[in-house]
Structure formats: C-alpha cells, structure tokens
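In what follows, chains carry the letters A, B, and so on, assigned in the order in which the sequence lines appear, proteins first and then strands, with residues in each chain numbered from 1.
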Amino acid sequence: MSRVPIHLLLLIGCSADYELGKATDKASSDTGGSFEADADTDADTDADADSDDTAPPEDEDDFLSLAPSATDAYVFVANPTRNTVTRISVPSLAVLTTEVGEGPSVIATTADYSRAVTLNESDDSVSIIEADTLEVRNVDIRPNFNRLALSDDAGWVMAWYDPDLDESAGTDDGGVQSFNEVSFVRLDTGAHTPLAVGFNPRGVRWSADGTLALVISDASLAIIDLTADSLSPVLVEIADDPVDAPEAEEVELSPDGAYAYVRQFGSSDLVIVDITTLAVDRLPIGANPTDLDLSPDGSQLAVVARGSRELWLLDAADPFAAATVVPFDSPYGSLLYTGDGTQAILYTNAALLASFGVWDTTDGTVTERSLVKPVQSIGASPTGGSLLVFHTEQDADDADPDSPFAGEWALTLMDLGDFRQNPMLLPDEPSSYSTSDDGLYGYFVMEGNKWLEVLDFQTLLYEEITLKSPPVHLGVLPGSQTAWVSQDHDLGRLSFYDPDASTLDTITGFELNSEIDHD
Amino acid sequence: MTRLSTLLALFALGCAPWDLPGNGYDELDAPSWDPAVVAASDGVYVRLPAAGRLVRVKADGTFDTVDLGGAAPDRMTLAPDDETLLTFVSWQTCRDDDPAIVYVDECRFEDLDTASELVLVRDGAVVTALDVPSQYNAFAFNDAGTLAVAYLDFAASETIDVSGVLNLTEAVFVDIASGEAHNVPVGFAPENVLFSADGEKALVLSRSKVAVVSLVGEDAWTRTVVYPLTLDVDQQVDPDNAVLISDDDGETDYALVTVAGQSELYVLDLTNESIDIVELDAVPSDLLVDAASNHTLIVYGSRARLDVLEHELFEVETFTLDEACTRLAGGDGRVLLYNDSGRTHDVYMFDTIAETLHEERAENPVIEMRLTEDDAWGVATMSTETSGGNDVSGFYDQYYGLGLFDLASEPRDPVALLLEGLPVGFALTTDDTANYALVLMEGIDALQKIDVGAATASELILEEPPVGIDAMPGGLFVVTHPNPLGLVTFVDATTESLTTAAGFASAGLLERPVLPRRDVEE
Amino acid sequence: MLSLLCALAAPALASSNEISFEVGWLGATDPAFDTFSNGNTLGSLGLRAGYAIHPNVAIIAGWQHATNGATVDVPGTENTDADYYGSGTSFQTALYTDQISVGSKADVKVWKWLHPYVTAQVVGMRGLARLDDDSGDDENLTQVQRAGLTGGFLAGGGLDFLIRVRGDVYIAPYVEVGYGWMAPLALKDLGTVQFSGFSGRSGVGVRF
C-alpha cells in the first residue's frame with residue numbers, strides 16, 4: 001500500500017504564544033517574523049568588554065518554538081493536498097472539515113479564538129474561517145507569499161514572502177516576482193490591501209492599541225496606519241547605507257507605540273524610530289548586541305551586548321534617557337525574561353557554555369550557575385516559576401567525559417525559586433515543546449520516539465505517555481493543561497492528554513473527513 | 001419385451017405391491033430437493049431443483065406447489081414478517097419464435113436464454129413479481145420487515161451468475177408492501193447493509209466506502225452521504241463487520257465498521273457526518289453490541305483479551321483473558337465469550353453492567369454456542385479432540401458433547417453431556433417451566449430433547465436420521481432428512497408430538513420442461 | 001370404418017370368434033418415460049377376444065398390462081443449513097399400465113391359412129406410478145403413488161395365420177402393426193407421460 005507521510009504535509013495552526021528564549025520570535029504563525037542572529041564581524045574597540053567576540057550568531061530560529069494552533073475549544077489542522085482545514089472540537093473530539101483555498105501551507109488562529117486563517121500558496125489567497133461555524137471567506141492576495149502574521153487584536157493578517165522559507169514555495173512560478181510587497185487583509189470584511197514596502201520584509205509588529213503595523217525590512221521600516229480608510233505605508237529609512245543595508249534582526253515597539261527599536265546585524269547601534277515624527281536616531285548599545293527584548297510590563301528595553309558582556313537597559317518610553325549597564329562575566333548572548341518579569345535568564349547557544357546567568361531585575365545582580373551541558377534552547381513557564389533547558393548533544397570543552405550526559409541529548413528542569421535542577425538524559429533530540437498557561441506542566445516530544453513527555457514544573461518530575469505513532473507537532477490548548485499531539489498517520493491522528501486525569505484521547509482518521517461526499 | 005418375471009409380478013402385486021421392478025436406470029440432473037428449507041409461518045418452503053418447482057409443506061404433513069408461472073426457484077429468503085418469501089426465479093426463453101417450439105429441448109441450445117425476476121410469495125401464492133436481476137444473492141431487511149435490500153454477497157460468490165453485464169456498484173431496495181424496486185448506486189461490491197433504528201436510512205458497506213441511502217422523504221432511494229475508508233485509491237479496504245450504535249443520550253448515531261485483515265475500527269458519526277478510527281490491538285474476530293450497558297464488546301482470535309468500547313469517547317477498557325476467544329454470544333447484560341477455532345476450552349461469562357468476568361472451562365472445544373431466550377443459560381455443542389489420557393477427560397475427548405453453562409449471578413460449574421454422534425442440528429426452545437436444547441446427531445434417527453436446567457434428556461424417535469433442524473415461527477421446529485423423495489418432520493417440543501411430511505420432492509418429476517411465458521416473449 | 005367398408009366390399013370373406021393371448025408394444029418416446037424405463041416402447045401382455053358380427057367383421061376387445069421400473073440416481077445435496085454434504089442417493093420407480101381396447105376387426109381370406117385384416121380400436125388406459133426410496137420396506141413413509149386415466153386409439157393391420165385343429169377350430173397366431181396414440185396420462189403432481197407412435201400386437205389365439 002502506498003502512503004503519503006502525513007507529517008510532510010500536515011501543518012498545525014496555533015493560537016497561543018509561549019516564551020522559549022528568542023525562539024518564539026520565529027514560527028510560521030506568530031506576530032513577529034524571522035530574525036536571525038548575526039555573526040560578529042567587527043572587533044569591538046570599546047575598552048570595557050571583550051572585543052574579540054568571534055562566536056557565531058545566537059540561534060533564534062529554534063525548532064522548539066512552534067506556537068500552538070488551537071483555540072480554547074478547537075484544534076485546526078490544514079491539509080495542503082486536499083485543500084481543506086479540519087477542526088477537531090475538544091473535548092468531544094467531533095470532527096468537521098471545510099474546504100479552503102488551494103494548498104494551505106500555513107494556518108493560524110486569532111488571539112480572540114474567533115477565527116482561523118490559512119495561507120494558500122497554490123492559488124495565492126488567504127482563507128478566513130469562522131471558528132464556530134466554519135464559514136470560509138477566500139481572499140486573493142499578491143502572489144508568491146509564504147508567511148503570514150495575525151494582529152494581536154484579531155483584526156488583521158499580513159502575508160509576505162520570506163526567502164528563508166523558499167523550500168516551501170512562494171517562489172518563482174515563471175512570472176514576475178516582487179520582494180517588496182505585502183498583503184494586508186482585514187479579517188472582518190475580507191478587504192485586501194496590497195502594499196509595496198521596503199525590500200525583503202522580515203516581519204511585522206503590531207501596536208498594542210491595534211492602530212499601527214510596522215513592517216521591518218533591512219533598510220527601512222514601513223509604518224501603516226490601520227485606522228485609515230485606505231492603507232498606505234510610510235517608509236522610514238533606517239540604514240546608514242541604503243545600498244548596502246545591514247540585515248534587520250529584531251524590532252520591538254514600545255507599548256505606547258511611540259518608538260520602534262531595531263537591532264541590525266553587525267551594528268553596535270540601536271536604531272530608534274520616532275513613530276510620530278519619523279525621526280531616526282542611533283544609540284550605541286555596547287559591542288555586538290545579539291539580543292533585544294522588551295520586559296513583560298513593556299517598561300524596559302533590554303539589549304544583550306555579547307561582545308562587551310553587558311546588559312544595556314533602556315526606558316522604553318524614553319530611550320534617550322541614560323541607560324543602565326549591567327556587566328556579566330561569561331559571553332552570554334541571549335536574554336529570556338521570566339513571565340513575571342522579576343528575573344531574566346542570560347545564556348548563549350552560540351558557544352558550548354555549560355552555564356547561565358540569572359539577572360535579578362529588582363536588584364540588578366547577575367548570578368551565574370552551572371549546567372550539566374551547554375544550552376541549545378531555553379523555555380520558561382508563563383508564570384515564571386520554572387525553567388526548561390534543552391542541552392546540546394555536544395559537550396563543553398571542560399566537560400567530564402565520564403559524565404552520563406557526555407555526548408548525549410539532555411534537558412534540565414529547574415525551579416526558578418530555589419534553582420533546584422533535575423537534569424534528564426534523552427534518547428533523542430527533542431523536536432517540539434510547549435507549556436500550559438498556568439505554568440504547571442510542560443510537554444515535549446522527540447522525533448521518532450512514540451512518547452509524549454510530561455514535565456511537572458512543581459515536582460520537577462517527568463512522566464512518559466506512550467503514543468500510537470511517532471509525534472510530529474505539539475501544543476497546549478489555551479487556558480487549559482491539555483496538550484495536543486499530532487502524529488504520523490496517513491489518515492491523520494491527533495491525541496489529547498489531560499495531566500490531571502492522566503487520560504490520553506486520540507482521534508484517528510480525521511483526514512478522511514475531507515473526502516466525505518455529500519450527494 | 002416384458003420379461004416373464006414381470007408376468008409373475010402381475011400376480012404377485014396384490015401380495016407385495018412395493019416390491020418394485022428395477023430394470024431400468026435413470027438419473028436426475030439436479031438434486032430432487034434442497035434441504036436448505038425456509039420455515040415461514042404458513043409452512044416450510046422447499047425448492048425442487050430437478051423439477052424446477054417450489055412446494056410448501058405444511059405442518060399437518062400436506063404439501064402443495066406454488067405456481068411460479070412456469071419459472072423455477074433459485075434462491076429464497078424469508079422476510080422478517082415470517083410470511084413473505086422473497087424468491088429469485090428464472091425460466092428459459094428461446095430466441096427462435098417458431099410457435100411449434102414448445103419445450104425447452106425443442107429449442108436449439110444456442111438460442112436459449114435465461115430470464116429471471118424476483119417474486120414475493122405469501123400463503124403459497126405469488127403476490128408480486130419484480131424486475132430485479134437474479135445475480136443478487138443476498139438480502140438485508142429493516143427491523144420492521146417492510147424493506148429488503150438485494151446485494152451481492154461475495155462470500156458466496158459461487159452463487160453469483162454473471163449473465164451479460166453485471167453492475168457491481170448497485171444495490172436494489174425493495175419495498176415489500178408495495179413491491180416497488182429502486183436501484184441505487186452505492187459503491188463497488190456492496191457486501192453488507194444495515195438499517196438505522198428509525199428506519200430512515202440504510203448503510204451500505206462496499207469496498208473502501210460506506211454509503212448512506214435515504215429511505216424517506218424527498219431524498220428517498222438516493223445516496224446522501226458517502227464515507228471513505230481510505231484516501232489512497234490503490235488501497236483496498238473491505239468492510240468486514242458492522243454494527244449500529246447510539247451514544248448514551250441516544251442523540252448521535254454511529255456505525256462501527258471493522259475491516260478485513262486490519263486492526264482499525266472505523267467509527268462513522270452518522271449524525272455529524274464525520275469519521276474517527278479506533279486502533280485496536282489486533283484484527284477483531286467478533287464484536288457485539290450489548291444493549292444493557294450500551295457498550296460494544298470486541299474479541300480477538302490472536303489476543304487473549306476482551307475490549308469493551310464505550311460509545312461517548314470510544315475509549316477502550318481491556319479485560320485480560322487466559323485464552324483468546326473468537327466469538328461472542330448474548331447481548332443484554334450477559335455475554336458469553338468462547339473460541340470456536342477448536343484450539344481452546346475457556347468460556348467466559350461477562351456481566352456488562354457490573355463489568356465482571358467469570359471464567360469457566362468447556363470439557364472439549366466449542367463448536368457453537370447459543371444463549372437461551374431468557375439469557376440464563378449458554379448451551380454449546382463441543383467437538384472431539386485427540387487425547388492420550390485414560391481418565392475421564394480422555395474418555396470425554398472421544399465424544400462430541402453438549403455443554404450447559406449457567407449464566408445466573410452465581411455461576412455454577414458447567415455441565416458436560418456426552419453425545420453419541422456428531423451434532424448436525426441444534427436449536428433452543430423454552431416453555432413456562434424450562435429451557436430445552438433440541439439436538440440432532442448424524443446417523444441417529446432421534447431428536448434429543450434436553451432439559452438445560454436439569455441436564456436430563458428425552459428422546460423423540462424420528463423416521464430417519466436427520467441433517468438439520470430449523471425453528472419455525474410459532475414455536476414448531478422442522479427437521480430435515482436426506483431422503484431423495486423429500487422427508488421433513490415437524491416437531492412440537494412442548495407436546496413432543498411429531499408430524500411427518502414425505503414425498504413432496506416427487507412433484508413435477510415427470511414434467512417435460514416447457515418454455516413458459518412464451519406468449520409474452522418477443 | 002375403413003375396416004368395415006373393406007370387409008363389406010370383399011367377396012368370399014370369413015370371420016370368426018376368437019380368444020387370444022398376445023403381447024403388445026406402444027411407442028413411448030416421451031422423456032418422462034425415461035424415469036421408468038430405458039427403452040422407448042411400452043411393452044405389455046394381455047388378452048384379446050373377438051366376436052364375429054359379420055363374416056368379415058368382428059368386434060374385438062382386449063386388455064394389455066405393462067410394468068416398468070427403474071432406479072433413479074439423485075445427485076448429492078448440499079445442506080447449507082447444517083453444512084452437510086450428502087452423498088448421492090437413489091429411489092425406485094414403477095409404472096403399471098392397463099389398457100382396455102374395444103374396436104372392430106375386418107379381415108379377408110386370401111388363402112385358407114392367411115387372413116389379412118385391419119383393425120381400429122378405442123383404448124382406455126389406467127396408469128399407476130409408484131416411487132419408493134426403500135422398496136424393501138413396506139412401512140416407510142416415502143412411498144409415493146399416483147394414478148391416472150387416459151384414452152386414445154389404435155389403428156393397424158395384421159396377418160392371421162390359421163391352423164386348422166378340428167372342424168372350425170383353428171389355432172391362429174397373428175401379428176399386427178399400426179399406430180397408436182394416447183392422450184397424456186396425468187399422474188397428478190408427478191406430471192404426465194404420453195404414449196404414442198408405433199404400435200404392435202403379436203399373439204396366438206383360438207378361432208372358432
């Protein structure tokens with residue numbers, strides 16, 4: 001019997017967003033975009049820091065950052081070969097399928113759980129699906145796009161072409177192709193507005209009040225007023241040299257929407273754009289800044305300058321006020337705030353460093369702690385109580401060769417209160433991870449292994465749940481502790497695990513629903 | 001020239017009239033009668049293949065011929081009303097319309113054709129004739145007995161006659177009351193038909209799909225929904241067994257479909273029109289819906305376990321057995337599990353409400369198990385088995401047996417009765433006082449009537465050794481005997497009275513086959 | 001009628017009374033007869049008597065009895081109910097027929113010892129068919145018996161050979177051929193069997 005591996009075709013659209021280092025900034029469906037860490041090419045002349053930071057860029061495209069595509073009541077599954085989206089209701093596991101445009105390659109759900117949106121690469125459209133009724137509105141967009149992002153207020157979706165995903169089409173179909181275009185679609189009306197913005201748009205940021213969208217490109221920032229009757233971009237050049245503009249790696253927007261902050265590859269300056277006046281300023285922020293983060297309350301902007309081993313703290317509302325600089329000893333390049341903002345974790349995945357730093361945001365101190373192995377990625381529970389460290393298979397230079405973790409995959413579960421650790425040996429590399437909103441449970445799966453690993457953040461213990469077939473994608477239903485796991489099955493398989501009841505409910509064959517013929 | 005002995009026989013006739021002269025030899029080209037009789041409320045209908053006739057044998061021992069307008073009966077099925085006999089009949093036609101050709105043997109072989117139709121017979125007479133092709137060799141009926149569906153049963157493919165072009169994608173729905181027939185395309189090779197409890201739709205299981213046919217309203221006799229069982233056209237998924245269930249609220253109807261050679265159980269939501277697949281541990285050998293608990297029980301020939309499937313989330317609860325079981329019997333609070341493959345002895349009694357499992361052991365491997373009408377007893381015929389023992393077990397192994405299993409809340413040890421010969425017929429009956437098993441054995445011209453509760457037996461002497469027993473509507477039983485001239489015995493188990501009907505297979509033996517309905521042929 | 005006319009027109013004819021013992025044949029090509037016999041002829045034994053009403057014409061009456069029987073093999077049956085495959089069985093058949101014929105005979109005297117004649121008769125036949133699967137058991141229930149009546153005619157011509165014994169008493173062997181036809185003999189639900197075709201008589205009798 002010939003079977004088409006469903007995991008090659010199956011994509012899950014997700015709704016909630018979980019912190020996992022900078023890796024959460026990636027994903028196909030979240031609000032951000034793809035910002036790659038840079039490689040340090042400049043010697044730092046600053047006297048107070050390491051000027052010879054030759055480490056590779058921090059890897060922010062983390063495989064563990066797939067955001068879930070569930071609402072609180074449904075999980076949406078797109079099938080590109082059948083041009084359908086299947087909705088599985090939870091907990092009844094009722095299945096309904098609806099047709100969308102051709103070749104849905106991306107699916108996402110709005111923050112208010114009212115809709116799901118697909119990007120249909122084969123016919124250059126988006127499909128807006130009402131979550132409860134499954135009514136579908138197909139809207140044609142500009143051709144060859146392969147990414148989309150939804151606004152936080154569930155009002156808009158933007159689609160664009162990301163060259164880093166050129167494997168998944170959006171590529172040349174033989175005709176004219178533009179690398180400056182984006183499509184905005186209003187979700188309630190289906191109104192489509194194509195725009196030409198800067199070259200090679202990297203992503204979009206939405207203002208908290210939902211009035212502005214900022215499309216970041218390498219050389220420019222396009223500001224779009226979403227309240228206008230007719231959308232049009234206001235282009236702000238942010239590169240010193242527009243001809244050879246550095247790659248824009250990260251952008252943040254202040255909560256009041258007054259300023260946009262851009263970190264560029266290879267630049268030691270932070271680009272600050274005044275949204276109102278469109279003025280562009282540059283602020284030195286140490287040597288080789290590798291990470292830019294907004295604190296959970298939005299009041300503070302933190303920049304990790306790996307080259308100078310400094311943490312630069314700016315007032316998000318007044319970036320030109322004097323910055324606070326916090327030094328640290330090890331060449332950390334990434335920062336992860338805990339959910340409550342009282343702590344932040346400093347680490348690096350660009351070097352084999354088996355340690356991390358804990359920055360106490362209240363007293364400003366940085367305390368370094370050791371790990372059993374170097375860091376590949378870090379995730380924190382949304383409540384800030386626990387940390388999950390995924391380690392590299394490779395060991396640090398000074399690692400003990402007799403350690404049980406030597407040359408193996410591993411993870412460490414850690415309590416951020418007393419920093420108790422439970423390092424665990426893994427049989428394989430983790431492929432997907434997610435946590436519950438209440439911070440009590442985390443879940444991960446390993447490719448090729450038919451287990452769902454359940455992590456109890458309170459006890460730091462794990463439990464292994466056997467699945468019927470190898471897992472592909474993983475997520476947690478918003479507002480609950482129930483994890484969903486899609487698995488390899490040619491007819492579609494999805495399991496739901498409730499850690500309180502310790503029950504695993506599985507629905508198999510939901511892909512058949514797309515072929516149910518109603519005569 | 002007549003022999004001298006015949007002359008003498010003339011005079012001897014008055015002394016021994018049944019000493020028949022046997023000088024000649026002849027042979028029939030078909031059996032004189034088919035022991036696969038159909039027991040209806042007005043009598044037993046018997047096919048006479050050699051004579052091409054259908055006779056009705058009544059319980060008083062008389063018989064009459066059903067006038068089929070010159071056609072011969074091919075297959076019979078009794079409708080659930082126990083009165084209507086659906087019979088496929090066929091007759092020869094001759095393409096040469098010379099009026100001088102009257103008999104079949106007068107028509108050239110190459111000019112002969114066969115025509116067929118479906119007739120409904122009631123009370124010994126044809127009430128309706130329908131133009132339904134005779135290739136269909138199986139019927140399914142709705143619970144009310146008002147609707148029949150003709151389809152092709154490929155398990156009995158030798159009975160399928162491919163004449164001309166045969167459409168393997170249709171099923172024919174027959175309204176028994178009105179006699180109307182409706183052809184509905186349902187998918188390739190339909191093999192099983194189920195009817196919903198409300199009678200408004202039928203499920204037709206065919207290769208790689210399940211079709212829902214509406215039976216009422218504007219969509220009547222049309223296919224409304226088709227559920228695929230695979231997405232790969234190169235993959236062949238053949239439905240094996242199916243049951244219809246409802247959830248605990250009775251609001252959602254489902255069809256549970258097993259597939260030949262696969263461990264998947266397809267759950268078709270008929271209300272919301274969706275599909276789910278429950279992965280079972282192995283290929284199921286039998287499944288049964290228990291009405292009392294509203295659960296489905298599943299057993300496997302290759303796994304020693306019983307799976308109980310609830311009807312809300314279709315979660316499986318597993319009960320471990322010592323030996324695998326292949327069959328389930330019962331279904332209203334008490335279910336018997338047993339293995340009819342001849343390899344094991346365990347018999348389990350499962351209380352579906354209390355979900356308790358009680359293990360018993362049959363003395364010999366079970367051939368067939370049935371429950372009495374009140375579900376108080378399981379009665380099983382058992383086979384012999386090879387054994388080297390010299391003890392009582394070794395002695396028992398040499399004989400066929402009858403096992404009596406008490407299913408009451410405090411199960412007792414089963415009773416194992418020895419049978420003299422191979423059981424060839426087995427039926428259960430009950431009266432106000434007791435349950436009885438009626439057992440026929442090969443080569444033994446007696447019917448054993450066994451009181452199941454008391455484990456005692458009485459014998460009803462038959463005219464000849466039997467080959468089978470069937471229950472008749474109304475409480476009688478009919479025993480068939482392999483007599484070439486036709487012999488059946490009607491048994492009233494309550495009064496232990498026997499009525500014999502004999503000789504019915506001789507009807508029409510001398511008739512020269514004619515070309516019937518020739519005037520209406522073109 | 002023809003025999004009567006011929007007899008009346010012939011000069012110097014002689015007829016006489018007779019009692020004869022004879023054997024007979026009657027065509028039986030009906031396939032239904034195969035159930036009782038392998039041959040295509042109904043052979044019989046009987047008696048004939050004649051009474052001269054005219055020097056050339058006699059009224060004759062006869063009785064013929066035939067007995068035929070066969071063993072009929074029945075192919076094995078498949079009892080799908082009991083999954084039982086029976087081996088082939090058989091049953092015995094017998095057909096007893098009695099023919100009563102009445103007619104006329106007209107002869108001429110060619111020589112003293114040779115008297116050709118013609119005859120025409122009306123025939124009534126009673127048939128009795130019996131089927132039994134165990135003819136050795138007189139009490140078995142599967143004994144099927146069906147009887148029926150039919151009629152027809154015979155017509156033919158023959159030769160009387162007269163051998164004087166004494167006075168007007170002759171020994172008279174004869175042979176007769178012709179055509180016979182019977183309506184189908186209905187044996188109730190068993191079916192029908194019909195006899196027709198070549199008929200013959202041969203016997204020896206006494207003329208006086």
Heavy-atom count check: over 12 atoms from other residues, nucleotides or ligands less than 6.0 Å from [X] [atom1]?
X	atom1	value
A:E463	CD	yes
B:F319	CZ	yes
B:D249	CG	yes

With a 4.5 angstrom heavy-atom cut-off, which part of [X] approaches chain A: side chain, backbone, both or neither?
X	value
B:D269	neither
B:E315	side chain
B:T230	backbone
B:F314	neither

Inset, instruction - Pick out which of B:L229, B:L231, B:I275 makes a side-chain contact (heavy atoms from CB on, under 4.5 Å) with A:E515. - result: B:L231
So how far is it from [X] [atom1] to [Y] [atom2], rounded to the nearest 0.5 Å?
X	Y	atom1	atom2	result
B:Y227	A:D517	OH	CG	11.5 Å
B:E279	A:H489	CD	NE2	5.0 Å
A:S92	B:D247	OG	CG	11.5 Å

Inset, instruction - Taking the side chain as every heavy atom from C-beta outward, state whether A:I516 and B:V225 have any atom pair closer than 4.5 Å. - result: yes
Inset, instruction - Determine whether A:L491 and B:I277 make a side-chain contact, defined as any pair of heavy atoms from C-beta on separated by less than 4.5 Å. - result: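 SC-SC contact between A:L491 and B:I277 confirmed.
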Inset, instruction - Looking only at non-hydrogen atoms, find the nearest pair between B:P228 and A:L512 and report the distance. - result: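 So the two residues come closest at CG-O, 3.5 Å.
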Inset, instruction - Search all heavy atoms of A:V95 against all heavy atoms of B:S274 and return the closest pair with its distance. - result: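 So the two residues come closest at O-CB, 3.1 Å.
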Inset, instruction - Let me know if A:T86 has heavy atoms under 4.5 Å from chain B in its side chain, its backbone, both or neither. - result: neither
Legend entry - Segment of A:T506 engaging chain B (4.5 angstrom heavy-atom cut-off):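 Backbone of A:T506 only, per the 4.5 Å heavy-atom cut-off to chain B.
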